[in-house]
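A short worksheet on the structure shown next.
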Amino acid sequence: VGRRPSPEDGSPAKGTRRCPQPQARMGNAYVLALRPWSFPAATVPVLLTLAIVHRSGESWSRLEGARAVLLGILVQAAANVNNTYWDFVQGVDTPSVGGGADPAVVMPHKAVLVDGSTKPRPILLLGLSLYALSALLIHDRLFEGGEILSTYVAGMSLAFFYTAPPLKLKYYALGDMAIFVAFGPLLCYCAILLVNADAAHRLWPQVMGSSIPCACICGVSTLPRVP
């Protein structure tokens, strides 16, 4: 005799719809947490800065240029992983995270912790490791102190406290501004300081004018597409 299925049976009751969660396997989960589709938001502003420095006729170091690009990627990846961890820990990402316009759609990077296939601690350690790698990458220049140290610390702080306590900028409608400043003007200025610190003040007005629209376009164009 047929009976109404109950939640204990593992099937939804009549009239309800369960939001399917994509299963993020362990190896794939870390890749999703990095959100590699967002890396152009960090690399394009740096490449634009290098192009402006090159076109100006100023000498610049190709090795430092490569370090600037890699620095942008590391900080972007660290910020992405950090965001995944804190959104989950603070209850922003839940099993009903896809309950927007289409309850069946869940962003793949949101499912990394929500579906239970990955524990929060490894994700936190991954994010912190990426921040540490970014500092290690340019440690010799950071030890010089001055503008490059203050610029790096300011950008890293904005990226980290985007969702991390105590600031949690994203939750006070300050997230977009924080990311724009961190991966726009601050990242571009850090790139100039790396490739040719002597030319930084001369080239900064031109780079600043180009970094603003570039950061806006990259920020929008690298958002994951929802079918």
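Counting begins at 1 with the first residue of the sequence. The figures here come from the full heavy-atom set of this structure, side chains too, leaving out hydrogens, waters and symmetry mates.
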Dump the intermediate steps for side chain to side chain contact (heavy atoms under 4.5 Å, CB included) on L137 and R67, then the final yes or no.
CA-CA 7 Å; L137 177 67; R67 285 212 291 181; 4.2 Å; yes
Begin from the C-alpha positions of K170 and D176 and carry the test salt bridge (Lys or Arg N to Asp or Glu O under 4.0 Å) through to its verdict.
CA-CA 7 Å; K170 172 183 173 181; D176 290 340; over 6 Å; no
Would D87 and K168 count as a salt bridge (Lys or Arg N to Asp or Glu O under 4.0 Å) if you check the C-alpha gap in whole Å, the side-chain angles of each, and the deciding distance to 0.1 Å?
CA-CA 10 Å; D87 271 354; K168 299 187 284 189; over 6 Å; no
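Within the structure, side chain to side chain donor-acceptor pair (under 3.5 Å) contacts touching residues 149-167 (residues at least two apart or in different chains) are S134-Y152. Among residues at least two apart or in separate chains, salt bridge (charged side-chain N to carboxylate O under 4.0 Å, His left out) pairs with a member in residues 38-63 are E58-R202.
Scanning both residues, W37 and L32, for their nearest heavy atoms gives CH2-O, 4.0 Å. Taking each heavy atom of Y131 and F160 in turn, the nearest pair found is OH-CA, 3.3 Å. Here the closest non-hydrogen pair linking W60 and G65 is CZ3-CA, 4.3 Å. When all heavy atoms are compared, the tightest approach of I148 to L142 is O-CD2, 4.1 Å. Closest heavy-atom contact between S210 and I52: OG-CD1, 3.6 Å. In terms of heavy atoms, D115 sits closest to V112 at OD1-O, 3.6 Å.
At a threshold of 4.5 Å between non-hydrogen side-chain atoms, the residues V69 and L50 count as touching. For the pair C188/M208, no side-chain contact is recorded, criterion being any heavy-atom separation below 4.5 Å from C-beta on. Looking at heavy atoms from C-beta onward, F88 lies out of side-chain contact with I123 at the 4.5 angstrom threshold. Residues P122 and Y30 have side chains in contact (heavy-atom distance under 4.5 Å, counting atoms from C-beta outward). Within the 4.5 Å cutoff, no side-chain heavy atoms of P165 are placed close to those of Y171. Considering only heavy atoms from C-beta on, L71 comes within 4.5 Å of L194 through its side chain.
The distance from atom OG1 of T43 to atom CG of L70, rounded to the nearest 0.5 Å, is 11.5 Å. The distance from the CG atom of N80 to the CZ atom of F39 is 6.5 Å, given to the nearest 0.5 Å. Rounded to the nearest 0.5 angstrom, T49 OG1 and L193 CG are separated by 10.5 Å. Going from atom NE2 of H201 over to atom OH of Y189 covers 3.5 Å, rounded to the nearest 0.5 Å. With values rounded to the nearest 0.5 angstrom, L174 atom CG is found 10.0 Å from L158 atom CG. Note: L130 CG to N82 CG = 10.0 Å, rounded to the nearest 0.5 Å.
H54 places no side-chain N or O within 3.5 Å of a backbone atom of A51 that could act as its donor or acceptor partner.
Listed by chain and number, the residues in a salt bridge (Lys or Arg N to Asp or Glu O under 4.0 Å) with R35 amount to none (sequence neighbours excluded).
No side-chain N or O of N196 forms a donor-acceptor pair with one of S61 less than 3.5 Å apart.
Put simply, V75 and M177 are part of the same group of oily side chains (I, L, V, M, F, W, Y) that touch within less than 4.5 Å, one to the next.
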